[in-house]
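Predicted, not measured: the structure shown is a model, and the values here were computed from it. Below, chains carry the letters A, B, ... as their sequence lines are ordered, and counting in each starts from 1. Values reported hereafter were calculated over all heavy atoms of this structure, with side chains retained and with hydrogens, waters and symmetry mates removed.
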There are 2 protein chains.
Amino acid sequence: MSTTGRGLHGRVLDTLGPEITAGAYPPGSVLRTDELAQRFDVSRSVMREVVRVLESMHLVESRRRVGVTVLPAREWNVYDPQVIRWRLAGADRPRQLRSLTVLRSAIEPVAAGLAARNATAEQCAELTECALGMVAHSRGHRLEGYLFHDVAFHRVILTASGNEMFARLGDVVAEVLAGRTHHDVMFEDPDPAAVTLHVQLAEAVRERDAARAERLTREITEGALQELDVLAP
Amino acid sequence: MSTTGRGLHGRVLDTLGPEITAGAYPPGSVLRTDELAQRFDVSRSVMREVVRVLESMHLVESRRRVGVTVLPAREWNVYDPQVIRWRLAGADRPRQLRSLTVLRSAIEPVAAGLAARNATAEQCAELTECALGMVAHSRGHRLEGYLFHDVAFHRVILTASGNEMFARLGDVVAEVLAGRTHHDVMFEDPDPAAVTLHVQLAEAVRERDAARAERLTREITEGALQELDVLAP
DNA sequence: TGTGACATATAAGTCTGACTTTTTGTTCGG
DNA sequence: CCGAACAAAAAGTCAGACTTATATGTCACA
């Protein structure tokens, strides 16, 4: 599940990163490289590399004679996929999930509008295929299959928009959708209305109807927001 | 101007990072840590730290027995402020600027709507102050002063939205606005219509009129998009 | 001729210890 | 009371030896 995995360096990062993003050290706390190296039983070289990466994420700041200072959350690179994953795994997961869902609600409608203008024939076909897959798995507790096609659907939309900034949010959306299915329990089958909206959206993109694509996506994301209000008020 | 600056490590990064994001090495190219260390005249330790940071940005991938492989642009963490700065300084600056402006056009209207709901009295005051500052510098080639207040205005909106993902885009917006003023020549005074829109927006937020705030912001960002079409068709 | 096991070379990964540089806090003299 | 010199502390840098994974080539065997 963890992306870093490989190498001694990655294992330390996978422990220290989540600790920091979980708020284990209040902002302003100072960590000493040597102490950390001892704690994780690694050499200073490895520890320095870890600190450098944390520094590039703006989670900490390293200064001579003072140590490694933990930065306030406001400074963090919250768009770093690694940071997003760490925070989603932590305690303030609900708040994080809400932030990301609001982000989706801003981005996806615009992305869908652009996709209606720019999508290739192949992408239109993929979209239809995904929507059909969602329909096929919408009943009988086939949640995993449904999720798979849902994620793929939104990825295609974001990619087809032709905007690289939108395209790179595919992982975020995947994380949010997966979170909804797995963590926040989802006993029942997905909302039939949502399924219909996806089918109609694929249709709108295929027919180059940007305005309709945007409107439909807005309905989808508003649904996601309402769902969140019900689960975590 | 460069954020990294400090330390030998930062200087190497400030050279190698821009090179990679500028596409100097085609995707799949392999770099050897030892060679890079020689080239920059630094120790392997320093070079390894640089590679680790580039790896965390998904610009490169380091694998045993093969070397440091440059990844395709599709993999890059394009939301990393450092990466954004590097790319804006490079050759594909126009494309980058367009991507970011489209991103703005998606985010800011939603952020403004939220700001109208959540802004504190203090934030409302700041907003009005910024808008007045923009008015005051809107004539007589006071571009620097205008830019300053424009950036501050949008930062307040994004922060006041209460969504941390939006708030963190303040730097991006600042970069885009600064780019428009400095790089892409802007001899004339700013569009009076835009100034008026900002004043009205501050008003709408103060009066808690979310719908109007969103609509006005949409007009502002659409103006920015059209401006871009004129400059770089 | 194809295939699988094995050997080898290569480049990253890791560790250690010594040394340098910057910064901060203290102390001492004015 | 204040400023300048000083000392200590922690990160930063370096060099060299060693380890580990792995891509690739080799060779025997089918």
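A:Leu225 is linked by a side chain to side chain contact (heavy atoms under 4.5 Å, CB included) to A:Thr101, A:Val102, A:Ser105, counting only residues two or more places apart in sequence or in another chain. For B:Tyr79, the ring pair (Phe, Tyr, Trp, His ring centres under 6.0 Å) test picks out A:Tyr79, with sequence neighbours left out. Take B:Ala91 and apply the side chain to side chain contact (heavy atoms under 4.5 Å, CB included) test, not counting sequence neighbours, and it matches no residue. For B:Pro109, the side chain to side chain contact (heavy atoms under 4.5 Å, CB included) criterion is met by B:Glu214, B:Thr217, B:Arg218, B:Thr221, not counting sequence neighbours. In this structure B:His198 satisfies the ring pair (Phe, Tyr, Trp, His ring centres under 6.0 Å) test together with B:Phe153, B:His154, sequence neighbours excluded.
Sorted by first then second residue, the side-chain hydrogen bond (donor to acceptor under 3.5 Å, both in side chains) pairs that include residues 26-39 of chain B, not counting sequence neighbours, are B:Glu19-B:Arg39, B:Tyr25-B:Arg39, B:Arg32-B:Glu35. For residues 165-179 of chain A, the pairs satisfying side-chain hydrogen bond (donor to acceptor under 3.5 Å, both in side chains) are A:Arg155-A:Asp171, with sequence neighbours left out. Within the structure, salt bridge (Lys or Arg N to Asp or Glu O under 4.0 Å) pairs that include any residue of residues 117-126 of chain A do not occur (at least two apart or interchain). Applying the side-chain hydrogen bond (donor to acceptor under 3.5 Å, both in side chains) test to pairs two or more places apart or on separate chains, none has a residue in residues 59-76 of chain A.
For residues 40-55 of chain A, proximity to DNA chain D is found at A:Arg48, A:Arg52, defined as any non-hydrogen atom under 4.0 angstrom from a strand atom.
Think of the region where chain A sits on DNA chain D: with heavy atoms and a 4.0 Å cut, that region ends 5' and 3' at D:dA8 to D:dT13.
One interatomic measurement links the two molecules: CG of A:Leu8 to P of C:dA12, which rounds to 18 Å at whole-angstrom precision.
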(request) For nucleotides 19-26 of chain C, just jot down a letter per nucleotide in 5' to 3' order: B, S or -, based on protein non-hydrogen atoms under 4.0 Å. (result) --BSBB--

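Looking at B:Asn163, its side chain does come within 3.5 Å of a backbone N or O of A:Ser99 through a donor-acceptor pair.
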